[in-house]
Participant: 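My questions will all concern the structure given below.
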There are 2 protein chains.
Amino acid sequence: MKAVTMSDVAKKANVSKSTVSQYINKRYEFMGADTKDRIREAIEELNYKPNVVARSLKQKKTSTVGVIVANILHSFSTQVIRAIEDECNRSNLSVIVCNADDDPQKERNYIEMLRAKQVDGLIIFPTAGNAELYKEMVNENYPLVFVDRIIKDSGVSTILLDNEKASEMLVEHLYEKKYKRLAFITSSLEMKITPRIERLNGFIKGLEKFSLPVIDGFYVGVRMGNVQDVLEVMFSQPERPDALICGNDLTLLETLKFINKKGWNIPTEIALASIDEVPYSEIFQPPLTIVAQPAFAIGTNAANLLLEKIDGVGESIKEIMLYSPELIVRKST
Amino acid sequence: MKAVTMSDVAKKANVSKSTVSQYINKRYEFMGADTKDRIREAIEELNYKPNVVARSLKQKKTSTVGVIVANILHSFSTQVIRAIEDECNRSNLSVIVCNADDDPQKERNYIEMLRAKQVDGLIIFPTAGNAELYKEMVNENYPLVFVDRIIKDSGVSTILLDNEKASEMLVEHLYEKKYKRLAFITSSLEMKITPRIERLNGFIKGLEKFSLPVIDGFYVGVRMGNVQDVLEVMFSQPERPDALICGNDLTLLETLKFINKKGWNIPTEIALASIDEVPYSEIFQPPLTIVAQPAFAIGTNAANLLLEKIDGVGESIKEIMLYSPELIVRKST
DNA sequence: CTGTTAGCGCCTTCAA
DNA sequence: TTGAAGGCGCTAACAG
């Protein structure tokens with residue numbers, strides 16, 4: 001009932017399969033007008049749809065790329081994915097999205113699965129645990145782009161935010177606003193996820209640059225479940241922070257819960273700023289000061305870079321592309 | 001360099017391709033232990049990875065399902081996608097996500113593209129413009145599940161929120177709280193997107209049920225860009241609403257911007273409630289009363305339903321599965 | 001301009 | 001217990 005194939009069309013149109021193939025691939029050049037018509041009719045009557053799988057097998061490409069995100073719960077990931085999709089669809093590529101949950105094992109499985117599916121290339125938010133595998137792919141010259149996180153010496157083109165700068169900008173801003181005792185909280189540092197580390201480093205650097213005190217216990221990486229407790233400790237110091245920077249959107253949400261619970265006024269009792277834009281930053285009271293990363297641009301560019309690699313051009317592209325953060329000052333600081 | 005195929009393995013292990021195939025598919029039963037070992041070794045040494053595309057061509061299935069969402073910008077969509085992915089990965093299926101932007105033409109293209117790619121089934125947030133195409137697929141008995149939106153007489157299993165009830169619950173709640181002049185705003189009704197219509201209907205029904213006035217201009221569907229203006233008009237009536245229900249998360253955000261601009265107090269100057277949970281509902285001041293839809297459950301179930309259809313069981317499943325909304329009362333009402 | 005001929009890499013009888 | 005052969009649906013020379 002379904003399986004109408006190219007030979008069916010060929011038979012119906014009284015031509016050979018290859019002629020139909022020509023037609024499908026729009027190579028009309030040397031085709032008789034009547035032949036063309038007959039084929040078109042046959043296709044319509046039979047409601048024939050080419051089988052892309054067979055085509056892929058032959059052509060050794062699938063017009064599909066894979067994206068492996070570390071954690072789809074970050075709104076940044078969602079935005080990047082959206083941008084990648086838009087860009088790929090523009091070039092008639094589909095996108096398979098997988099979520100590795102920051103688990104190197106899961107990531108490895110997805111990489112193997114997607115490569116078995118013969119995807120033409122991969123965009124990955126890499127975890128820190130698969131260095132050898134990455135290297136293998138680089139050696140094979142497999143089209144690969146990293147986003148958001150640097151894997152040292154991987155040799156893979158990487159597109160990400162200048163994370164250090166993001167924190168530094170925030171510190172500078174807070175310094176100018178005369179805050180003295182800055183604190184920084186972000187997600188767990190256990191897995192050596194580079195943006196978190198870089199943001200923390202940028203924070204410390206910023207403090208040093210402006211001769212602000214680097215206070216023990218005032219900069220922490222913490223698992224989401226423990227944010228409340230950690231903040232409780234941080235803010236029960238005799239002299240507590242007067243400004244707090246959140247390393248990402250998830251931390252921000254937890255922090256806001258904490259501040260709410262305490263009933264503190266922002267910014268008079270505690271100034272608050274965050275890295276990563278959130279949908280509610282403008283309508284929150286007070287509106288939140290944040291540094292935004294250009295998620296859309298990052299995604300678009302990652303896609304374009306990958307496309308170039310797939311097409312075999314763009315050898316000359318520099319390895320690391322750092323995007324500048326954008327400081328958006330609102331009333332929370 | 002790359003292309004190591006089954007014959008390479010066979011050669012290396014001194015067996016035939018079919019024996020390797022057996023091994024790959026874990027049909028060890030009648031295989032000599034030594035043969036097995038030789039094959040295993042050969043596979044490892046060669047770093048052989050089976051080509052799924054070739055397998056798919058032969059087996060006429062790709063272990064891939066397609067999801068076409070209407071608008072990925074709604075957080076509901078994201079959550080449903082996440083749930084579908086989780087569920088499909090559990091069964092070793094990959095998921096290709098496409099975004100139709102509520103455009104029937106785009107949706108049609110994606111459906112054709114995905115079917116050409118031989119995906120094993122489709123989960124769609126349907127637009128209203130492709131009724132015939134849906135019917136074709138149903139006739140072919142193609143595995144298909146709709147989510148979020150009803151297409152009348154399509155004969156497709158559909159999983160969605162009981163949208164009328166969602167609004168009614170909110171109206172009832174506001175009635176009990178003694179609000180008298182209720183208003184409702186949601187996204188554009190132009191495209192006959194059923195949840196929006198149902199939510200609006202539920203609102204009206206609710207008003208009637210509690211003998212609250214149905215006031216002209218107090219219930220509107222509006223394009224996102226016009227929300228500010230429309231609210232401006234609505235609230236410049238001599239007697240303005242004392243409570244407002246937002247039909248979805250995007251409308252809510254716009255509405256909050258409006259209320260902020262006005263500097264009105266919630267709930268004393270205007271009570272506010274919304275359909276669809278948002279990440280900031282708890283930390284917003286005041287916390288927002290909403291009715292949540294069980295996005296995760298809906299996604300999980302859609303996936304399971306599709307899997308059953310793909311496996312050819314589950315013929316007896318009822319066409320429409322309505323999920324009950326959950327009212328979460330917070331301080332905004 | 002169109003048809004013939006080989007595969008792509010894998011799976012699946014059917015023999016041996 | 002293993003191997004040979006044929007074919008999934010399509011493409012790509014190369015003939016004609």
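Below, chain A is the first sequence line, B the second, and so on; all start at residue 1.
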Participant: Not counting sequence neighbours, which residues clear ring-ring contact (aromatic ring centres under 6.0 Å, His included) with Y134(A)? List them please.
Facilitator: F146(A)
Participant: Tell me every residue that passes ring-ring contact (aromatic ring centres under 6.0 Å, His included) with F76(B), counting only those two or more places apart in sequence or in another chain.
Facilitator: none
Participant: Check ring-ring contact (aromatic ring centres under 6.0 Å, His included) between Y48(A) and all other residues, then give those that pass, not counting sequence neighbours.
Facilitator: none
Participant: Name all residues meeting the side chain to side chain contact (heavy atoms under 4.5 Å, CB included) criterion together with D102(B); count only those two or more places apart in sequence or in a different chain, and write none if there are none.
Facilitator: A70(B), N71(B), T127(B), R149(B), M191(B), I193(B), R196(B)
Participant: Looking at DNA chain C, which of residues 9-24 of chain B put a heavy atom within less than 4.0 Å of it?
Facilitator: K17(B), S18(B), S21(B)
Participant: Apply side chain to side chain contact (heavy atoms under 4.5 Å, CB included) to K61(B) and list each qualifying residue two or more places apart in sequence or on a separate chain.
Facilitator: Q59(B), D120(B)
Participant: How far apart are the C-alpha atoms of K117(A) and T64(B), what are their side-chain angles, what is the distance that settles it, and do they pass the side-chain hydrogen bond (donor to acceptor under 3.5 Å, both in side chains) test?
Facilitator: CA-CA 10 Å; K117(A) 268 191 171 6; T64(B) 304; 3.2 Å; yes
Participant: May I have the distance from K36(A) (atom NZ) to dC1(C) (atom C1'), rounded to whole angstrom?
Facilitator: 13 Å
Participant: Angle between the end axes of the helix from dC1(C)-dG16(D) to dA16(C)-dT1(D), five pairs per end, to the nearest 10 degrees?
Facilitator: 40°
Participant: With D8(A), which residues qualify under side chain to side chain contact (heavy atoms under 4.5 Å, CB included), at least two apart?
Facilitator: V4(A), T5(A), L46(A)
Participant: Looking at E136(A) and R115(A), is any side-chain nitrogen of the basic one under 4.0 Å from a carboxylate oxygen of the acidic one?
Facilitator: no
Participant: Taking only residues two or more places apart in sequence or in another chain, which ones pass side-chain hydrogen bond (donor to acceptor under 3.5 Å, both in side chains) with Y110(B)?
Facilitator: N89(A)
Participant: What's the NZ-C1' distance between K117(A) and dC10(C), to the nearest Å?
Facilitator: 15 Å
Participant: Could you identify which residues of residues 37-46 of chain A place a heavy atom less than 4.0 Å from some atom of DNA chain D, listed by residue number, or say none?
Facilitator: none
Participant: Residues in side chain to side chain contact (heavy atoms under 4.5 Å, CB included) with T300(B), at least two apart?
Facilitator: A83(B), E87(B), F296(B), N304(B)
Participant: Near DNA chain C, which residues from residues 52-66 of chain B have a heavy atom under 4.0 Å away?
Facilitator: A54(B), R55(B), K58(B)
Participant: For K152(A) and T194(A): C-alpha separation, side-chain torsions, deciding distance, then whether side-chain hydrogen bond (donor to acceptor under 3.5 Å, both in side chains) applies.
Facilitator: CA-CA 10 Å; K152(A) 257 226 280 271; T194(A) 56; over 6 Å; no
Participant: In whole Å, I'd like the distance from the CG atom of D8(A) to the C1' atom of dC10(D).
Facilitator: 13 Å
Participant: Is it true that E45(B) and R40(B) have a side-chain N and a carboxylate O under 4.0 angstrom from each other?
Facilitator: no
Participant: Indicate yes or no: does D86(A) engage R82(A) in a salt bridge with an N to O separation below 4.0 Å.
Facilitator: yes
